[in-house]
Novice: 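I have a structure I would like to understand better, so I am pasting it below and will then ask my questions one at a time.
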Amino acid sequence: RTTQNEEHLDELARLMVESGRPGQAVESLRQLLHHRPQCAATHFNLGQALLHSGQRDEARRYLERSLKLRPHHELTGRLLKTLYREDGQS
């Protein structure tokens, strides 16, 4: 069950990424993930924050986990395909 505080933290982290402060979002999302390890959206948001911070390998791992938890999420699939293509993977 997601608490209201967790929802606010998730939203705040997403806004940090959108406003060009992905490094700040990473720490908040790591804390949130500790409380919600099975939340695909939090894995996705952390992956995006890491990607925007230049941490591609770690970002890919979180995005892969997000897709495993939510296999039909189109945006996650497209983002991973782009990462694989840019990194020379199939």
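Along the sequence shown, the residues carry numbers beginning at 1. In this text the structure is predicted, and so the values were computed from the model without any measurement. Quick note: numbers below take in every heavy atom, side chains included, and nothing from hydrogens, waters or symmetry partners.
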Novice: Can you tell me how far CZ of Arg56 sits from CZ of Arg61, rounded to the nearest 0.5 angstrom?
Specialist: 13.0 Å
Novice: Are Gln38 and Arg65 close enough, and set up right, to give a side-chain contact (heavy atoms from CB on, under 4.5 Å), and what steps lead you there?
Specialist: CA-CA 9 Å; Gln38 298 301 313; Arg65 179 68 176 145; 3.1 Å; yes
Novice: State the CG-CZ distance between Asn45 and Arg14, to the nearest 0.5 angstrom.
Specialist: 7.5 Å
Novice: Apply the side-chain contact (heavy atoms from CB on, under 4.5 Å) test between Gln48 and each candidate in Leu79, Leu29, Thr76, Val26; give the one that qualifies.
Specialist: Leu79
Novice: Looking at Arg30 and Glu58, is there a salt bridge between them, counting it only when a charged N and a carboxylate O are closer than 4.0 Å?
Specialist: yes
Novice: Can you tell me how far CZ of Arg21 sits from OG of Ser53, rounded to the nearest 0.5 angstrom?
Specialist: 12.5 Å
Novice: Closer than 3.5 angstrom, by distance alone: can the side chain of Ser66 be matched with the main-chain N or O of Ala40 as a donor-acceptor pair?
Specialist: yes
Novice: Phe44, Leu51: one ILVMFWY side-chain cluster at the under-4.5 Å cut-off?
Specialist: yes
Novice: Hey, could you give me the CZ/CG distance between Arg85 and Asp87, rounded to the nearest 0.5 Å?
Specialist: 11.0 Å
Novice: Given the rule that I, L, V, M, F, W and Y join up when any side-chain heavy atoms are under 4.5 Å apart, are Leu63 and Leu50 in one cluster?
Specialist: no
Novice: Could you verify whether a donor N or O on one side chain and an acceptor N or O on the other, from Gln55 and Arg60, lie under 3.5 Å apart?
Specialist: no
Novice: Test your reading of the model: is there a side-chain donor-acceptor pair from His43 to the backbone of Cys39, 3.5 Å cut-off?
Specialist: yes
Novice: Using every non-hydrogen atom in the two residues, find where Arg70 and Ala41 come nearest and quote the distance to one decimal.
Specialist: NH2-CA, 3.9 Å
Novice: Measuring from Leu15:CG to Gln24:CD, what's the distance to the nearest 0.5 Å?
Specialist: 12.0 Å
Novice: Do Leu12 and Met16 have side chains that get closer than 4.5 Å, going by heavy atoms?
Specialist: yes
Novice: Please determine whether residues Leu33 and Leu9 belong to a single hydrophobic cluster, defined as Ile, Leu, Val, Met, Phe, Trp and Tyr linked transitively by side-chain heavy-atom distances below 4.5 Å.
Specialist: yes
Novice: Do you reckon Leu75 sits in the same ILVMFWY cluster as Tyr62, going by side-chain contacts under 4.5 Å, direct or chained?
Specialist: no
Novice: Whether Glu64 and Lys68 form a salt bridge (side-chain N of Lys/Arg under 4.0 Å from carboxylate O of Asp/Glu) is what I want to check.
Specialist: no
Novice: Can you see which heavy atom on Ala13 is nearest to which on Ala25, and at what distance?
Specialist: O-CB, 3.4 Å
